[in-house]
Number of protein chains: 2
Amino acid sequence: MKDNNDMPGHLARRFQQIAVAVFLAEVEDAGFDLTPVQYAALATIKGNPGLDQVTLAGLIAYDRTTITGVVDRLVQKGLAERRASSRDRRARELEITDEGRRTLRKITPAVESAQRIMLRGLTAREGEELMRLLRKAIAAGNELSRAPLRDVQA
Amino acid sequence: MKDNNDMPGHLARRFQQIAVAVFLAEVEDAGFDLTPVQYAALATIKGNPGLDQVTLAGLIAYDRTTITGVVDRLVQKGLAERRASSRDRRARELEITDEGRRTLRKITPAVESAQRIMLRGLTAREGEELMRLLRKAIAAGNELSRAPLRDVQA
DNA sequence: TACTGATAGTCAGCATACTGAGCAATATCG
DNA sequence: CGATATTGCTCAGTATGCTGACTATCAGTA
């Protein structure tokens, strides 16, 4: 009978659970109300102005049905805008607002602090190694989830 | 500007996402309909007959408000039973059913296969190292989530 | 050009997770 | 003993994530 602690799936769930909690706590301490998912989406919109929702989803490996709600909330908070595309009337072009830019800038220290805290039990070397191993495992399993990571075809 | 791939939080989310997808796929291939969360709960009930919901939640680090729904579904599927405790009328004692035991037994190969698949990009040594680092990071962050792991006080 | 297939987005429904509130029952302590 | 605090559980509300279905639109082709 295997112990939970020998199950990578269980460990993945626990680590993710802690990572989210730490992120939310740091961001709230900084005076903001933004989830990890919303942060990643907003940062990606900023880095890729005018991208459509499917592209955004692919860049951060979200399901396309999830992106709808995430963008809804970013728009509702005034951090992003959703416009009909002129090239493809099915698509929506996404833009970050000035308010979104300001929020991203001010929230960055909290986000970076969160990343440190979630690795606080590890040495710097171990933290790097953990990230390397996660990247490698993720790369090999990318196609196994419904929402794989997709590069932009620039 | 940090890349997503340098953010342990993002990597945690991606690995967990893949882990869940792999688990569900393997279990479905084996002809069962059980989520990772339901599996862990059921296995823990089997190993700790008569435990109450708070104890169960502590053993697998679930929130107590989440456990309610999970147990609901296990009961509804006929895999577990929820009884009023005679010692403490607030508490519910949980028991696995014969059907639950049968399911656990038959599902085990799929669960173990899933754990292998989610590490398929890593060598055996790397897989061990990943689990060690996750365990270490989790131990240091245990108290940071609302639902920390709790040992039984037997 | 008409047909077919693929694509962008949304929606309904289900299953985690969490916040915060509330109820019932137990434990503790003056 | 009685007031208070704590505990076990549930519920309402919100936010991911997913499956599957549907509409509108676009692309490729006969």
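We name chains A, B, ... by the order of the sequence lines, and we start the count at 1 in each one. Quantities reported herein were computed from a predicted structural model and do not represent experimental measurements.
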Find every protein N or O atom lying less than 3.5 Å from an N or O atom of nucleotides 23-26 of chain C, and list the pairs.
from, atom 1, to, atom 2, distance (Å)
C:dA25, N3, B:R90, NH1, 3.3
C:dT26, OP1, B:R89, N, 3.3

Please output the side-chain donor-acceptor pairs of residues 75-84 of chain B that fall under 3.5 Å, not counting sequence neighbours, one pair per line with the distance.
from, atom 1, to, atom 2, distance (Å)
B:K77, NZ, B:D33, O, 2.9
B:K77, NZ, B:Q38, OE1, 2.8
B:E81, OE1, B:R83, NH1, 3.3
B:R82, NH1, B:Q53, OE1, 2.7
B:R82, NH2, B:D72, OD1, 2.2

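B:R120 is linked by a side chain to side chain donor-acceptor pair (under 3.5 Å) to nothing, counting only residues two or more places apart in sequence or in another chain. Under the rule for a side chain to side chain donor-acceptor pair (under 3.5 Å), A:N4 has no partner lying at least two apart in sequence or in another chain. The side chain to side chain donor-acceptor pair (under 3.5 Å) test applied to B:T68 returns no partner, not counting sequence neighbours. Judged as a side chain to side chain donor-acceptor pair (under 3.5 Å), and not counting sequence neighbours, the contacts of B:E99 are B:R102. Here A:Y62 pairs with nothing under the ring pair (Phe, Tyr, Trp, His ring centres under 6.0 Å) rule; sequence neighbours left out.
Pairs engaging residues 9-21 of chain A under the side chain to side chain donor-acceptor pair (under 3.5 Å) rule: A:R14-A:Q17, A:R14-B:N142 [sequence neighbours left out]. Counting only residues at least two apart or on different chains, the side chain to side chain donor-acceptor pair (under 3.5 Å) pairs with a member in residues 23-32 of chain A are A:E26-A:S113.
Contact check of residues 8-28 of chain B against DNA chain D (heavy atom, cut-off under 4.0 Å) returns B:R13, B:Q17. Annotation: proximity of residues 101-111 of chain A to DNA chain D (heavy atom, distance under 4.0 Å) is found for no residue. A heavy atom lying under 4.0 Å from DNA chain D marks the following residues of residues 63-71 of chain B, by number: B:R64, B:T65, B:T68.
Between the CG atom of A:D52 and the P atom of D:dT25 there is a distance of 16 Å, rounded to whole Å.
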